[in-house]
Participant: 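Dropping a structure here in structure tokens format, bear with me for questions.
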Amino acid sequence: MFEAKLIQGAILKKILDAIKDLVNEASWDCSSQGMSLQAMDTSHVSLVAVQMKADGFDKYRCDRSVTLGMNLSSLSKILKCAGNDDTITLKAPDDGDKITLVFEAKNESETSEYEVKLMNLDSEYLGIPDTPYSVNVKMPSHKFQRICRDLQQIGDAVTISCAKDSIRFAAKGDLGSGTVNLCQTASADKPEDSVSISMQEPIIQSFALKYLNHFAKATPLSPQVSLSLSPDVPLVVEYSITDDDGSDFGYIRYYLAPKIDE
Amino acid sequence: MSQKTITSFFKPA
């Protein structure tokens with residue numbers, strides 16, 4: 001039996017909003033450690049990895065590991081039926097072919113129950129090397145979202161370069177070009193507004209903005225986003241997931257293969 | 001510019 005209860009059901013709604021347009025179908029791997037998912041987009045250019053730790057749930061029971069394969073747009077449609085303040089409980093019997101979602105409104109006697117069909121998916125699990133990166137940048141997530149959205153008006157790709165204590169995002173296209181330069185800040189009063197840059201070596205790499213704009217749909221999950229870059233390896237865009245009390249619940253990490261000069 | 005795929009960097013575990 002698998003059962004996971006989340007009083008702040010809105011977190012699960014936000015997670016689905018952040019992945020459903022990138023990945024159609026994926027499997028949740030549920031173990032005593034928590035729920036995790038890894039999936040590539042259909043063109044195999046990007047990869048998303050989600051982790052929700054067991055102790056972040058308000059109740060978590062997983063008698064034996066289960067893989068819950070599902071259509072994410074179906075799951076997202078069902079989660080739209082839950083209110084932002086609802087408690088969400090996921091339930092799956094050991095050998096069932098569906099998952100049950102129970103939504104309970106706060107301070108009300110209303111409970112709704114939905115079922116989503118499970119699928120057997122041939123998902124390939126990719127090994128992600130745990131390597132240090134040349135550049136790590138932490139910045140406000142809304143700022144990253146805005147830069148990606150603005151630069152997509154100019155071109156299809158963004159060139160990210162980092163030197164000393166600044167990071168530069170640049171795009172060019174038929175209409176002209178645009179650049180956004182961010183310098184490291186020291187705003188200790190408001191850590192969520194700060195930009196911090198840690199650089200081992202300067203870097204310059206280009207990425208498709210279409211995917212970065214998909215990743216930015218995770219913005220409501222976290223006030224800060226972390227970008228990790230190294231020469232000729234995929235970019236990592238990470239949003240940590242915290243609950244209202246600020247406790248660490250897990251993360252969404254997106255990996256994006258670079259564009260290379262032919 | 002050409003787009004690389006993620007599978008050219010990460011291999012099946």
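Atom set for the values below is all heavy atoms of this structure, side chains included, hydrogens, waters and symmetry mates excluded. Sequence lines set the chain letters: A, B, ... in the order given, protein chains first and strands last, and positions in each chain run from 1.
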Participant: Identify the residues of residues 45-52 of chain A whose heavy atoms come closer than 4.5 Å to a heavy atom of chain B, ordered by number, or report 'none'.
Facilitator: Val45(A), Ser46(A), Leu47(A)

Participant: Are Tyr254(A) and Tyr211(A) close enough that their ring centres sit under 6.0 Å apart?
Facilitator: no

Participant: Please examine the side chains of Val233(A) and Phe10(B), heavy atoms only from C-beta on, and report whether any two atoms are closer than 4.5 Å.
Facilitator: no

Participant: Measure from the ring center of Phe2(A) to the ring center of Tyr60(A) and say whether it is less than 6.0 Å.
Facilitator: yes

Participant: Using only atom types and a distance under 3.5 Å, with no angle test, would you say the side chain of Asp41(A) pairs donor to acceptor with the backbone of Leu22(A)?
Facilitator: no

Participant: Counting only heavy atoms not in Gln33(A), do more than 12 fall under 6.0 Å of its CD?
Facilitator: no

Participant: What part of Lys4(B) is in contact with chain A, defined as an atom under 4.5 angstrom from a non-hydrogen atom: side chain, backbone, both or neither?
Facilitator: both

Participant: Any idea which heavy atoms bring Ser206(A) and Met1(B) closest together, and the distance?
Facilitator: OG-CE, 3.3 Å

